[in-house]
Every structure is written in structure tokens, then in C-alpha cells.
> 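This structure is in C-alpha cells; I'll ask about it shortly.
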Amino acid sequence: MQYNHQEIEKNWQKFWAENQTFKAENHSEKPKYYVLDMFPYPSGAGLHVGHPLGYIASDIYARYKRHKGFNVLHPQGYDSFGLPAEQYAIQTGQHPAKTTEENIKTYRRQLDQIGFSFDWSREVRTSSPEYYKWTQWIFIQLFNSWYNKDTDKAEDIAGLEKIFKKEGNTTVNAACDEDIVSFSSDEWKAFTKTKQEEILLNYRLTFLSDTEVNWCPALGTVLANDEIVNGVSERGSHPVIRKKMTQWSMRISAYAQRLLDGLEKIDWPQPLKDSQTNWIGRSQGAMVSFDVATGDEKTTSEVKLSYKELEALKELRQNLSKAETTLWYELKNKKGASKFRKKYTIGTFLVDYVCLAKNIIVEFSGKEEEAARTAYFTKEGFNIVRFTDQEILKNVLGVVSKINAAIQFSKPVEKTELAVVAKKENQYKIGVFTTRPDTIFGVSFMTLAPEHELVAKITTDAQKAEVENYIKATSKRSERDRMADVKTISGAFTGAFAIHPFSGDKVQIWIGDYVLAGYGTGAVMAVPCGDQRDFDFAKKFGIPIPNIFENVDISEEAHSGKDGTKIANSDFLSGLKYKKALKLSIFELEKRGFGYGKINYRLRDAVFSRQRYWGEPFPVYYKDGMPQMIDEKHLPIVLPEVRNYLPTEDGKPPLGNATEWAWDSRGKKVVSIEKLKNKTVFPLELNTMPGWAGSSWYFNRYMDATNSEEFASKESMEYWQDVDLYIGGSEHATGHLLYARFWQKFLFDKGIVPVDEFAKKLINQGMILGTSAFVYKATAFVKNGCAIDKSNDDVIEKIPTVFVSKNVFNSDDEFETVVKEYLLDNKLLDPNFADLVMITKTAIHADVSLVNSSDELDVDAFKNHALNADFINAEFILEDGKYEVSREVEKMSKSKYNVVNPDDIVAEYGADALRLFEMFLGPLEQTKPWKTSGISGVSSFLKKLWKLYFNEETFEVSDDKATKEELKVLHKTIKKVQEDIENFSFNTSVSTFMIAVNDLTALKCKKREILEPLLVLLSPYAPHITEELYSKLGHIESISTVDFPVFDAKHLIESSKNYPISFNGKMRFTLDLSLDLSKDEIEKAVLENERTIAQLEGNAPKKVIIVPGKIVNIVS
RNA sequence: GCUGAAGUGGUGGAAUUGGUAGACACGCUGGACUUAAAAUCCAGUGGUCAGUAAUGGCCGUGCGGGUUCAAGUCCCGCCUUCAGUACCA
């Protein structure tokens, strides 16, 4: 009987669908296993053979886990909001919902015919209101939360309001905007409601802010950093410019450290983790404040402690008395309080505790010179609180509350006024972030970003023109130019100087576009001897380059290494190595109040608004300009209909075209914009959410996909917990996978999900590349500079398009000769003009469907191809009557005409063959070119397998006892296949199946004892054929949950081994020896062998190495 | 520049802990079946040298060193390709 894949596959796909074979239960005795694919965006092009690669791998694993007795969740759905559908809508006027629906149908049909074991009852679509209801709901949760750095988690915003009411914002340690003014509880209470909301927005995890965004004019929307590749948009490669806009943002930066830490406990590929680490970009350093010089500087003469004294101080800090420890413990753990430091030097005095932010000194009473201390501290602007040992040991909480009171009512001392006066003449400070505060004595100038707000204020009149010109010139350069051209060094001197905080030296302040406005403070302290960019800048503008490294030559380039180098010419840092110098420099900065240690992250808050139609609407309306959340019980807020999908005439997003898009706060529903006149009707948000909104939590939804009451039920999340295996492309490393981890951590903080990492293990499947086909087209030109009577066009016009087969020529010159000869022979070129004509070669893509496996082009089909209308009359120069194309491996894409559609493969060879072949191509993680030629191998394997169960036309499997040899083949296969699946090495197990079938065919094995377990082994890979044969063996149930065969080592025990006999490590021959032999017996047997004697040529062996069961090596 | 991955026949790739390099498959060559083709089956297939042949010698996992009885695998130094990232202070 013939193996008819079409019929078999159709039947079983129907069987699975009707019997809901792969439906997962939320309650089960079995252990759970959750296998997930990154869900696809349903594009109009449908699937190409690259898409199913990961799906096939995960499907094999899911099916394997079912055989192993797991309750497997293996769902699929669609990331169905997105730009392409909307771009298509703009072009054709078709509603994106309609095209999306159609595309999904195609995807579903294509996925079904490959035989995936998806539980379709749990399908999700991010664009369906039942789904995005919960995306909106999560948005509201984010809006109603703030990040408490003390508890290190997200908390309810109501809690923050309570604190504000009680004690203002000074004790709050939150992830928030940098420039927040502090206020007391009274001030808070006095603020208007709008003002309060404005302040709260600075703390919320999703917030509105004016930010510099990446605006893409061609797409009419902003883009996130990860949606920009090489300065242009990822989708469509349109230019992107910087623009300031009011946007929703997500405070992902609050989670920077936890996102970094979390990487350690998840089993994800190292390169992926590395790129997330890189993207988060943690750098440890210090913030340093430089005063801008006013002209009459006097160098500060501070008391400086020697290094030895500092070391002594450090020790003192570690050996506290009991009372000291008790108080320190309380101060340290005082929630939300300002930071206290212990054993700190103020001037020449050592104080017990100090809070620099609040100017409070806490001391034990009874110190020497108490009066002098008080006088000095007061002069410096500190409040002093003194306690005795007894007070603390008796009632430490009382002491703490006294300290709190002192902080809260910290009466401004007279000094404050002095400070203000002092500040007036010295009003500007430049803050910089540096990772190398140890090199601070190497600072010889500072550079500000051209956009820095101080530039206008500090530039001297003399330099004004130059600076303004420079700013103008740089702002013209696009982001892309700036990135492409890193080599050009440019800048301008502001004429102003800064005061070096330690040396008091005046250093020049420059502006330069190598400093980015968006990173750190937008200013750098330039250390030309230690940083190449600073070095180049200094060289170019003739700024001094002081050397602060011991025995390092910096005449040619900066010295950026840190290990092993000692600092020199640096006052108290001289003679120290990097690590110590770094610590000491930060310590000194803090002590003297010029700066503090800080950790900076490159990761920036994610812009969450898109000026597009086809995305989730925000559940937000505006009252007095302040955003208001719509109560969750009114969700979902459904995407309204619009007249067209373009921005409105006055530049509002497409939702501005909607007529039904206002919120009736009394009727609690969306109403017509005409009702906006009413006092209780408000405008709704016009932006929509970005593509990553829906994909940041969908894995949780699958656990309980049809729940209309909740995001997912507590029980279902308790049961499924997290994804055990997640498979998808590495292109999502810094987009989807980072945002999804962020949301998961947030949801975990809020007690909504049970785990804070959503995927235990992740595998990146490699890309499948296309094998493009090229044809060589000849283009004729007339050489310049030759005067002839006839118009040049005439000569060219007669020449048809000519294509030349690949092997007809070896060089461009030869190409020209061949074409010219051809034209002359065919009278297509007048011999008189032959010398005037120049022929050049152009390689153009030919559709791969027109090329057979021997690289021969179907010339007629090519001429008549829809895209080749220009070539309908083209001439072809053939070789041996055939036209051969050249091949090149490229990314599979429509524009390269190298896309292979799985539908064709399935129709011709079947889904099982496609599944096997995609796995057989090579390791899952590796990128590999698609070459259809190899598919005949797996196809004939399936036919051979089929034949094992048949005797000509009749199905024939016997119940005879299997032979030792047959059992060995089976168990070898069980062992290898099981190991391979567990190691995700699917390509090698396909080979193993081939070997098994070849062996069993040779043994003429027709026994159920062997052939039935073989089907179970193969069923994850080729589910249709195995179901069919399994049912022919007399089973009614599906093969999908049959126990995986158990490996029994006893079948593999050998009595002898074919030993490789090596001489000096080179294998010369093999020798069959019993495995019972001892080392000595082996040696004897080998040395007696005539071939050994022949090899040795009479020499005595120096040494004989015997590894029993493995190898014999003779050293001579 | 930085980070990561990878270099094995004509091709995709295999080689689990250092122990017979090239499994399995494609392609190619020859043969069988056929009027012929397709399909199927059989044999051969890393290079090179010697031999009519059986067979045997030498070379061989990007390059150069090293460790070891033994290296595709481990160590040191380079080269190339691909991917990600890029003035991050």
C-alpha cells in the first residue's frame, strides 16, 4: 500500500480537532509543563518556511512531554495589532480589523496543515477587546502605582498620598523624575487637586511627560529605542528625528537593577542575556559637581586627612559601641528617612552621625571641645542633636523620633542666608557623572552637550557667536549623520571656566556633540589622559593633557586601562591603584560635599504612546488637562471607528478623526464628541498603545484565556506558574523580552502573578536564510566622446535585453565579449558601431520558484513572470541548452524573491516530511540556509518507514519475539532520541531515526515488539504517519499520550569490542577483542597480532596504552 | 571599537567526558529495472601518491605554536565570517 501523506494528514488533523486531543486542563494530577512560542504577527505574506522552525521544535518538545506523562500547555495566538495592517489600511481604505482577520485565517490554515499540537481553545488575539480589556487594566494598575526604593517594589499610589499628607515628600525614597521640588505635609494639603495630580504623575509607573522622542515623520508616530535600527525605523527604514512631545512613558528604569539581577536565575541564552545587560547599561561611578567660575575665586583650604587617617577612620566605623550600634541600626532602617552616615568628618571634627541632605548632626554628648564643635557646626549650617549612651540604650525609639522631629522642623539656621549670598556670586554648578572619579586630577577641561541648558547662561560675550554657530551646525546634523561620522571632532569654547573641586584650578568649559544630552547629566569632566575621546578633543583644540598615571606614556593615545596602573600627580590619590583610588575619591567627594557615589543606567524610560490607529486605546480621559483613569468596571474601552487612518489636519493622531470619542463621566460610557460641551463629558486620549503592550503579558493570559472576570484566575496561575520552555527569535532581546520581564515583575509586586520571571528557559531558534537566485543582465551603453552622425539612442534601441548563463564567462571583460559576439552573430548590432558600445553586467534576483534544484532557470516562465514584463522579449545566452543561475545565501524576504512557502512543501511532501526536514537542516539555534534539495532524503525515509509495516499491499506486523539484534537497534534509538530531545538536538535524532529504519529494513524486522515503540519515539517528529500506523496496529486511542518507551541498557551490552589499534596516536587497523579481557590480555593479544608486528617493523614498543572498551595506542 | 557566536568533504551537517574524523542526508559517478522518463534498488564518493588489482603510504577539522601516549575537542597567539551594539563619560 502506498504512503499517501495528503489523505493521512488531513484525516488526523480532523481527528485531533474533533477530539480536542491537545486541550490542556487547569486541574490535573499530572505535573504541568508549559511550552510557548513567541506568537506571530499575522502579516499579509503568510508564513514562510522560516517561521515554523521554532514552532516545530516546541511542538516536538510538547508532544514528547505528553508521552512522558506531563499535563502540557501549548497554546498559540496572534500579536495582531501593528503597523503593517494600518499602513495597508491607509493605502487601501480597508479596515485593519478586516485585513487582520483575513491574515489570521491564512496563518491558521497554514499552522493547521503542519500538524501542531496547539490547544486552540486558548487562542488569544491582542487586538480583540476581550483581550485588550486586560491590557488596559494593567495600564491602570501601573498608573496607580509608584516604586518604593526602600522596599524595592511597586506599591499602591494611595500609600504615597498618605505619606505626602502626613510628612510631605522629603522622606520618600522613590523612583521618580529627577527634578522634583520638596514639599511638607502642610504644603501638600494646600496644593490644588490639579497640582497634587501633577506631582503624583512624577511618581507613577506610567506617566505623562514632555520627552525628547524619536519621531518618524513617514510613519507619523514616535518609535521606541528598540524600534530604531541604525538611525532609521525598523519597519520601512524611514528617517527618525528628535522631537519634544507629551507622551505616556513607562518607568522601566525603576526596575533596571532587578531586571539585571533576574537574569541570573533564568536559563536564557548567554548572548541574549548579554544584550539585555548591555541595554540596561549599568555603570558605577560618581556624580561630581563643578562650580562655574565667577572671576574672583579663592581656592578652598579644607582640612584634608591623610590616607592613613582615613584608614583609621574606616576601622572606627566598623567598631561601634553597643549604644552606637543600636542607634545606627535604627537610623539605617528608618523607612523613607534621609540617608545617615556614621563617623564622618566635618571640617576637622569627627561626628558620630550626619545626614548631609538635612544638615543634621547626631552626636553622643560629652565630647571634648563641645562648645567649639557646636560653634563650628552651626557656622557651617548644621543642626546638632545630642544624646547620652543611656538615653539610647533605654529608649532608642524615643531618640529616633526626636531626630525625626529635628529633621522635619529643621529650622533654617543663619548660615542658610550666607549660603544664598555665596550662591549668588557663584550661581552655576555643572553636575557630571563619571565612572572614573579616581582620575579627577586629570581633568583639564569640561564638555557640555550643545543642548545643555547652561550653555546659553555661561557663554561669554566674546564666544557667543562661535558657540551659537556651532549649536546651529550640530542641530542640523541628523542623528544618523552623527552616528555615521564618529571620527570628526568638533566643538566650541564657551569662554567660561569651572573650578576644579579639589585643586581649585580653573578649567575651560567647552561644548561638543560627542557628549550626548540624554545620557547622565549631558556634561562630562574631560580627562584627556584617560579617555580617548577627551584625548582627541584636547589634541584638536590644543588643551593641556596632564598625565596622572605613573610610568605611562600618553603622548600618542589615552590610557584607559585601570588594572595595574598607579595614579600620580593627584594629591591624596597619588600612589594608589584603581580600586583604592576609586573608593577614596568617592569618599572624599562625599565628605567635602562635591559629589557622591552613584550607579547610572543607560536604560531609559520607555515611551508608551503611539500616534496610530491600530493599537490598544488608553482607558484615559482628560479633566482640567490632567489624565484620569476610567474605572476598570467600564473596560474595555473599545477602539472607535474613524473616517480615515491618517492624522487629523491639525496634526492630532488618527483617533482625532473619531466622532464617538468622548467620555461621559456621569453616564460612564463613550459618547459623541459633540457632547464635549457638557461639563461632565471629557475628551478621551487620542494616542494608542505600542505593539509591545499586548505581548508583554500574553503568556499569563493563556493560563486562563477565556476568563472574562479576571486577567486570569488565581488558581490557574498558581497551577501553571510560568513558561517552562519559550522559543523564539533573538531579535526580541531588547524589546519584547525586556518589557515583558518588566511587566511581570510589576505584576508580581502587586501580587497579581505568582512569579517574577515569566520564562524559566528560553531558546533562540536560528534564522532560516533564503538561497537567492541571480541572473546576469547585460546593459548596453554608448561610449562618450565619439561623434557620429546617428543619434546614440538608435544604436542602443535595437539591442534587446540579454541574459547570460553563469558559466559562460569568468570575468566582466569576458562577459562583454560574449554578449557582443552574440549580438553581432544575431545581427542585433551593426558591426560598425561595435566598438562604440559598452556592455556592463548587472545581477538581478530571479524568483526562486522558477529555478530547479540543479540551478537551472525555467526561461519561459521567467519571461512570462508577472514581475518581468520588461523582459518578455529578452534574449538568453545558454550553456548546453540551459540557463544556469548563480546562488547566494541571503535573508529570506519578499524583495529578494527567495521566499519558500511551506504550503508547497506540505502539498508535495507532506507535513511530516516538512517537520522532519526543518529539524534535519541543522542545530535549532544556528542560522542556516534553506535548500529544498535535501527534502527528498526525509521523504524517502518516511516511505521506508511505511514499508516496514507492509508486505507489498497488505499491512503486516507479527507478534513474534524480537531478536537480540532487533532489540539492540530499538534501544539504541530510544536512548539517543531521548537524550537528543532533552538537549534540544533535534537534527541528530532525525539521523538516528534514519539509521534505525535502515537497520530494521536490513534485518527485515516486522515485529510489533519493535515497530510499535518505534512509532511512539517518532510521533513527536512525524505525528501523522505515526498516528496512522499506530491505529493500523489496532489502537483506537491517539498515540499522543502513550508512554514513551523505556530504555533498557541490557540490550546494548556487548561481549566484544572492535578495538582501534593506534600507533603514536594514529589509527592503523581495528581488532575484535572480547570485553572480558584484562589489560594484560589485551596487550598480549595486540602485540601478538601480525599487523602489529608489521607496523612495528621489528622495533620494540616503548609504551602500550590500553583503555579497556575504548582504544589501544602503541608508542614506538 | 566593544560584546557574543562560529570556521570540519562539492553541500547541510555528525563526532556525548581528549580515544577509529567525515555518522546521517543531499549532490555527483557507475550499475539494475524501464521502449524511455520518473520512482525504486545496489555500489562508489575527503585529498593525494604508488600499484593492473587486492591493497598500502602520506596529508587532512581557518592559520601558527603548545600540553598529551592520543587534540576537531584543552591552553596561548593570530586570521576570517556572521550577529548584536555603538561617541554611555
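Chain letters run A, B, ... following the sequence lines, proteins first and then strands; every chain starts at 1.
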> Distance check, P atoms only: B/A25 and B/U45, in whole angstrom units.
15 Å
> Suppose we screen for salt bridge (charged side-chain N to carboxylate O under 4.0 Å, His left out). Which residues come up paired with A/E979, at least two apart in sequence or across chains?
A/K975
> Nearest to the side chain of A/K1103, heavy atoms from C-beta on, is which of B/G19, B/C69, B/A86?
B/C69
> Rounded to whole Å, please give me the gap between CD1 in A/I1111 and P in B/U17.
17 Å
> Should A/D980 and A/K976 count as an ion pair when the cut-off is N to O under 4.0 Å?
yes
> In whole Å, I'd like the distance from the CD atom of A/Q2 to the C1' atom of B/U40.
11 Å
> Of all residues at least two apart in sequence or in a different chain, which pass the ring pair (Phe, Tyr, Trp, His ring centres under 6.0 Å) check with A/F950?
A/W946, A/F955
> May I ask you to verify if any side-chain N or O of A/N600 is less than 4.0 angstrom from the OP1 or OP2 atom of B/C88?
no
> Identify whether the glycosidic angle of B/G13 places it syn (within 90° of 0) or anti.
anti
> Could you check whether A/N998 gets within reach of a base, just the sugar-phosphate, or nothing at all, counting any heavy atom under 4.0 Å?
sugar-phosphate
> Rounded to the nearest angstrom, tell me the gap between atom CE in A/M994 and atom P in B/G13.
15 Å
> What heavy-atom pair brings A/T435 and A/S283 nearest, and what distance separates the two atoms?
CG2-CB, 3.8 Å
> Indicate every side-chain donor-acceptor pair of residues 266-274 of chain A with a distance under 3.5 Å to a residue at least two apart or in another chain.
unit_1, atom_1, unit_2, atom_2, d
A/D267, OD2, A/K761, NZ, 3.2
A/W268, NE1, A/A759, O, 2.9
A/Q270, NE2, A/D274, OD1, 3.0
A/K273, NZ, A/L263, O, 3.0
A/K273, NZ, A/I266, O, 2.8

> So which nucleotide from B/A89, B/A25, B/G19 ends up closest to the side chain of A/K944?
B/A25
> Can you figure out which of B/C87, B/U20, B/C69 approaches the side chain of A/Y514 most closely?
B/C87
> From C-beta outward on A/I1105, which listed nucleotide comes closest to its side chain: B/C69, B/U20, B/G13?
B/C69
> A/Y909: which residues meet the ring pair (Phe, Tyr, Trp, His ring centres under 6.0 Å) condition with it, sequence neighbours left out?
none
> On RNA chain B, nearest-nucleotide positions of A/P1060 versus A/A523: which is more 5'?
A/P1060
> State the dot-bracket string of RNA chain B. Criteria: Watson-Crick or G-U wobble, both atom distances under 3.5 angstrom; notation: ( ) intrastrand, [ ] crossing earlier pairs, | interstrand, . unpaired.
(((((((..(((......[....)))((((((.......))))))(((((....)))))..(((((..]....))))))))))))....
> Taking B/C76 as the reference, what is the distance to B/G22 when you measure between their P atoms (whole Å, please)?
29 Å
> When every nucleotide of nucleotides 1-12 of chain B is labelled 5' to 3' by its protein contacts under 4.0 Å (heavy atoms), B for base, S for sugar-phosphate only, - for none, what sequence of letters results?
---S------SB
> Using the closest heavy atom to pick a nucleotide of RNA chain B for each, name whichever of A/R533 or A/S940 lands nearer the 5' end.
A/S940
> Which atom pair, heavy atoms only, marks the closest approach of A/P1060 to A/T1070?
CA-CG2, 4.0 Å
> Which pairs pass ring pair (Phe, Tyr, Trp, His ring centres under 6.0 Å) with one or both residues in residues 1089-1116 of chain A, sequence neighbours excluded?
none
> Measure the acute angle between the ring planes of A/F1069 and A/F1063, then classify it against the limits of 30° and 60° as parallel, tilted or perpendicular.
tilted
> If I pick the P atom on B/G47 and the same atom on B/U29, what distance separates them, to the nearest angstrom?
15 Å
> Counting side-chain heavy atoms from CB outward, which of B/G19, B/G27, B/A86 is closest to A/S936?
B/G27
> Taking atom C1' in both B/U52 and B/G62, compute the distance separating them and give it to the nearest angstrom.
40 Å
> Could you check how far CD of A/E925 sits from C1' of B/C82, rounded to whole Å?
16 Å
> Of the nucleotides B/A39, B/A14, B/U85, which has the atom closest to the A/R602 side chain?
B/U85
> List, with names and distances, any nitrogen or oxygen atoms from the protein found under 3.5 Å away from nitrogen or oxygen atoms belonging to nucleotides 57-67 of chain B.
unit_1, atom_1, unit_2, atom_2, d
B/G57, OP1, A/Q1095, NE2, 3.4

> Taking only the P atom of each, what is the distance from B/G31 to B/A38 in whole angstrom?
14 Å
> Mind checking ring pair (Phe, Tyr, Trp, His ring centres under 6.0 Å) for A/H500 and listing every partner two or more places apart, or none if nothing turns up?
A/F441
> Choosing from B/C24, B/C69, B/C87, which nucleotide comes nearest the side chain of A/I995?
B/C24
> Contact class for A/V1107 (heavy atom, under 4.0 Å): base, sugar-phosphate, or nothing?
base
> Scan A/T1070 against the nucleic acid and name what it touches under 4.0 Å (heavy atoms): base, sugar-phosphate only, or nothing.
base
> Filter on side chain to side chain donor-acceptor pair (under 3.5 Å), then keep only pairs touching residues 918-930 of chain A, sequence neighbours left out; what's left?
A/W930-A/T932
> In whole Å, measure the gap between the C1' atoms of B/U11 and B/G65 for me.
32 Å
> Rounding to a whole Å, what distance do you find between A/K947:NZ and B/A39:P?
13 Å
> Not counting sequence neighbours, which residues clear ring pair (Phe, Tyr, Trp, His ring centres under 6.0 Å) with A/F537? List them please.
A/F445, A/W510, A/Y514, A/F541
> Rounded to whole angstroms, how far apart are CZ on A/F941 and P on B/C41?
13 Å
> What is the distance, to the nearest angstrom, from the CG atom on A/D536 to the P atom on B/A89?
16 Å
> Using the C1' atom as the reference point in each nucleotide, state the distance between B/A71 and B/G19 in Å, no decimals.
10 Å
> Report the distance from atom CZ of A/R282 to atom P of B/A89, rounded to the nearest whole Å.
13 Å
> For atom P, what is the distance between B/U3 and B/U8, given to the nearest Å?
24 Å
> Could you note down all residue pairs passing salt bridge (Lys or Arg N to Asp or Glu O under 4.0 Å) where residues 939-948 of chain A supplies at least one of them, sequence neighbours left out?
none
> Which part of the nucleic acid, if any, lies within reach of A/K943 when heavy atoms closer than 4.0 Å are counted: base, sugar-phosphate only, or nothing?
sugar-phosphate
> On the 0 to 90° scale, with breaks at 30° and 60°, tag the A/H971-A/F1047 ring pair as parallel, tilted or perpendicular.
tilted
> What's the verdict on side-chain hydrogen bond (donor to acceptor under 3.5 Å, both in side chains) for A/T992 and A/S989, showing C-alpha distance, side-chain angles and the deciding distance?
CA-CA 5 Å; A/T992 307; A/S989 39; 5.9 Å; no
> From the options B/G19, B/A86, B/A39, select the nucleotide whose nearest atom is closest to the side chain of A/K1110.
B/G19
